[in-house]
Amino acid sequence: MQSIPIEHGLILAGILFALGLVGVLTRRNIVFVLMSLEVMLNASGLAFVVASARWGHADGQVMFLMILTLAAAEVAVGLGLIIQMYRKFKTVDIDVLSEMKG
Amino acid sequence: MMFLFYIAATVAVVSTVGVIVQSNIVHALIYLILSLLAVAVVFFSLGAPFVAVLEAIVYAGAIMVLFLFVIMMLNMGQHTTDQEKAWMAAKDWALPAGLAAILLVQLLYVLREVQVDIVPNEVGVLEVSALLFGPYVLAVELASILLLAGLVSAYHLAKK
């Protein structure tokens with residue numbers, strides 16, 4: 001079987017993470033922000049799986065399962081918060097949530 | 001396997017760019033599903049078939065359907081697409097995107113010195129589950145408590 005250089009896997013994880021970061025920083029729709037957070041979590045899980053493939057161990061895959069659980073719980077709570085926000089403010093613009101501005 | 005890795009990686013990057021530049025939210029969601037499926041193919045090519053299957057079922061299946069339901073409840077039509085286009089002015093996203101690009105370049109600079117090859121050996125369900133219910137059994141219990149907390153709080157938050 002041919003080999004894949006480990007840096008290419010890590011570079012892919014880095015690119016996906018940076019793209020997710022751009023999404024979190026630039027979008028104003030909170031649903032897009034949550035989707036970009038998913039991309040970032042997925043990229044960090046990819047880095048774990050790449051490292052576990054390098055050593056031939058399963059530990060990285062176990063960590064990916066933990067990240068998967070975290071992502072599922074985070075999305076459930078985040079989407080519940082989005083629904084509440086839409087009921088209160090009738091919008092999904094995160095700039096509306098400025099009540100804590102000093 | 002090398003082939004599979006590079007093609008899937010290209011698809012993943014292109015479709016993730018699609019997620020962050022789309023103004024129609026359902027199109028962005030479909031790009032995100034495509035990106036997650038491409039990452040699942042990357043996992044498969046790295047010799048992690050169990051994680052690849054879970055990525056397709058849990059991420060691209062369950063979590064994305066949750067997103068779709070919420071988008072249906074939020075009732076977003078043509079006016080939100082136009083609003084998104086108005087919000088995506090170049091002066092707003094140019095600076096954050098540039099700063100994130102600088103971070104990415106630094107990351108690539110650090111990775112430049114890593115020179116190790118992966119020979120993908122399949123690490124299948126047996127190894128993962130033996131580890132999961134052996135040394136990591138406490139983490140599995142904690143994950144179940146986390147999911148229960150997520151369930152209770154999502155029910156409480158989404159209630160009228």
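These numbers were taken from a predicted model, which means no experiment stands behind them. Letters go in sequence order (proteins before strands), and every chain restarts at 1.
Between chain B and the residues A:A58, A:G80, A:A71, A:G14, the largest count of heavy-atom pairs under 4.5 Å involves A:A58. The most heavy-atom pairs under 4.5 Å with chain B, out of A:I11, A:L79, A:V92, come from A:L79. With chain A as partner, the option from B:F5, B:Y155, B:F50, B:F69 having the largest number of non-hydrogen pairs under 4.5 angstrom is B:F5. Comparing A:H8, A:Q84, A:R27 by how many heavy-atom pairs each has under 4.5 Å with chain B, the most go to A:R27. In terms of non-hydrogen atom pairs under 4.5 Å with chain B, the most contact-rich of A:L68, A:L21, A:D95, A:V39 is A:L68. Ranking B:M2, B:E127, B:H156 against chain A, the residue ahead of the rest is B:M2, based on heavy-atom pairs under 4.5 Å. Top candidate by heavy-atom pairs under 4.5 Å with chain B, chosen from A:V77, A:N29, A:V75, is A:N29. Heavy-atom pairs under 4.5 Å with chain A were tallied for B:V58, B:L103, B:L107; the largest tally goes to B:V58.
Residue A:R28 touches chain B through both its backbone and its side chain, counting heavy-atom pairs closer than 4.5 Å. For a residue to count as touching a neighbouring chain, one of its non-hydrogen atoms must lie under 4.5 Å from one of that chain's; by this rule A:T69 touches chain B with backbone and side chain alike. Of the two parts of B:L32, only the side chain, counted from C-beta on, holds a non-hydrogen atom closer than 4.5 Å to a non-hydrogen atom of chain A. Heavy-atom distances place the side chain of B:V42, and not its backbone, under 4.5 Å from chain A. In this structure, chain B has heavy atoms under 4.5 Å from both the backbone and the side chain of A:V50. If you measure heavy-atom distances from A:L12 to chain B, the contacts under 4.5 Å come from the side chain alone. Of the two parts of A:H57, only the backbone, made up of N, CA, C and O, holds a non-hydrogen atom closer than 4.5 Å to a non-hydrogen atom of chain B. Both the backbone and the side chain of A:D93 have a heavy atom closer than 4.5 Å to some heavy atom of chain B. Both the backbone and the side chain of A:M35 have a heavy atom closer than 4.5 Å to some heavy atom of chain B. Using a 4.5 Å cut-off between heavy atoms, B:L148 does not touch chain A at all.
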Assess the residue pair A:Y86 and B:V70 against the criterion (side-chain contact (heavy atoms from CB on, under 4.5 Å)); give the C-alpha distance rounded to whole Å, side-chain angles, the decisive distance to 0.1 Å, and a yes or no. CA-CA 11 Å; A:Y86 190 74; B:V70 170; over 6 Å; no

How far apart are the C-alpha atoms of A:L25 and B:L99, what are their side-chain angles, what is the distance that settles it, and do they pass the side-chain contact (heavy atoms from CB on, under 4.5 Å) test? CA-CA 10 Å; A:L25 291 175; B:L99 293 175; 5.8 Å; no

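Here the side chain of A:E7 pairs no donor or acceptor atom with the backbone of B:L111 at under 3.5 angstrom. One N or O on the side chain of A:R87 and one on the backbone of B:A158 form a donor-acceptor pair closer than 3.5 Å.
Contact annotation: the side chain of B:L132 approaches that of A:M66 to within less than 4.5 Å [non-hydrogen atoms, C-beta and beyond].
Here the straight-line distance linking atom CG of A:L34 with atom CZ of B:F67 works out to 4.0 Å at 0.5 Å rounding. Going from atom CG of A:L19 over to atom CD1 of B:I20 covers 5.0 Å, rounded to the nearest 0.5 Å. The distance from atom CG of B:L74 to atom CD1 of A:I83, rounded to the nearest 0.5 Å, is 6.5 Å. The CG atom of B:L95 lies 11.5 Å from the OG1 atom of A:T26; values are rounded to the nearest 0.5 Å. With rounding to the nearest 0.5 angstrom, the CG atom of B:L36 is 8.0 Å from the CD atom of A:E38. Once rounded to the nearest 0.5 Å, the distance linking OH of B:Y136 with CG of A:D59 reads 4.0 Å.
The minimum heavy-atom distance between B:L46 and A:A53, with the atom names listed, is O-CB, 3.5 Å. Counting all heavy atoms, side chain and backbone alike, A:A76 lies closest to B:A154 at O-CB, 3.7 Å. The two residues B:L146 and A:A73 have their closest heavy-atom pair at CG-CB, 4.0 Å. Taking both residues in full, the closest heavy atoms of B:V128 and A:Q61 are given as CG2-OE1, 3.1 Å, listed atom of the first, atom of the second, then distance. Among all heavy-atom pairs drawn from B:A48 and A:V49, the shortest one is CB-CG1, 4.0 Å. Smallest separation of non-hydrogen atoms from A:L16 and B:A12: CD2-O, 4.0 Å.
By the criterion of side-chain heavy atoms lying less than 4.5 angstrom apart, applied directly or through intervening Ile, Leu, Val, Met, Phe, Trp or Tyr residues, A:V33 is not grouped with B:L157; the two fall into different hydrophobic clusters. The cluster map of Ile, Leu, Val, Met, Phe, Trp and Tyr, joined by side-chain heavy atoms under 4.5 Å apart, puts B:L142 and A:L70 in different clusters. Both A:V24 and B:I63 are members of a single hydrophobic cluster when ILVMFWY side chains are connected at heavy-atom separations under 4.5 Å. Clustering ILVMFWY residues whenever any of their side-chain heavy atoms sit less than 4.5 angstrom apart, transitively, puts A:F32 in a cluster other than the one holding B:L34. The same ILVMFWY cluster, assembled from side-chain heavy atoms under 4.5 Å apart, contains both B:M73 and A:M85.
A tilted orientation is assigned to the rings of A:F64 and B:Y59, their planes being inclined by 30° to 60°.
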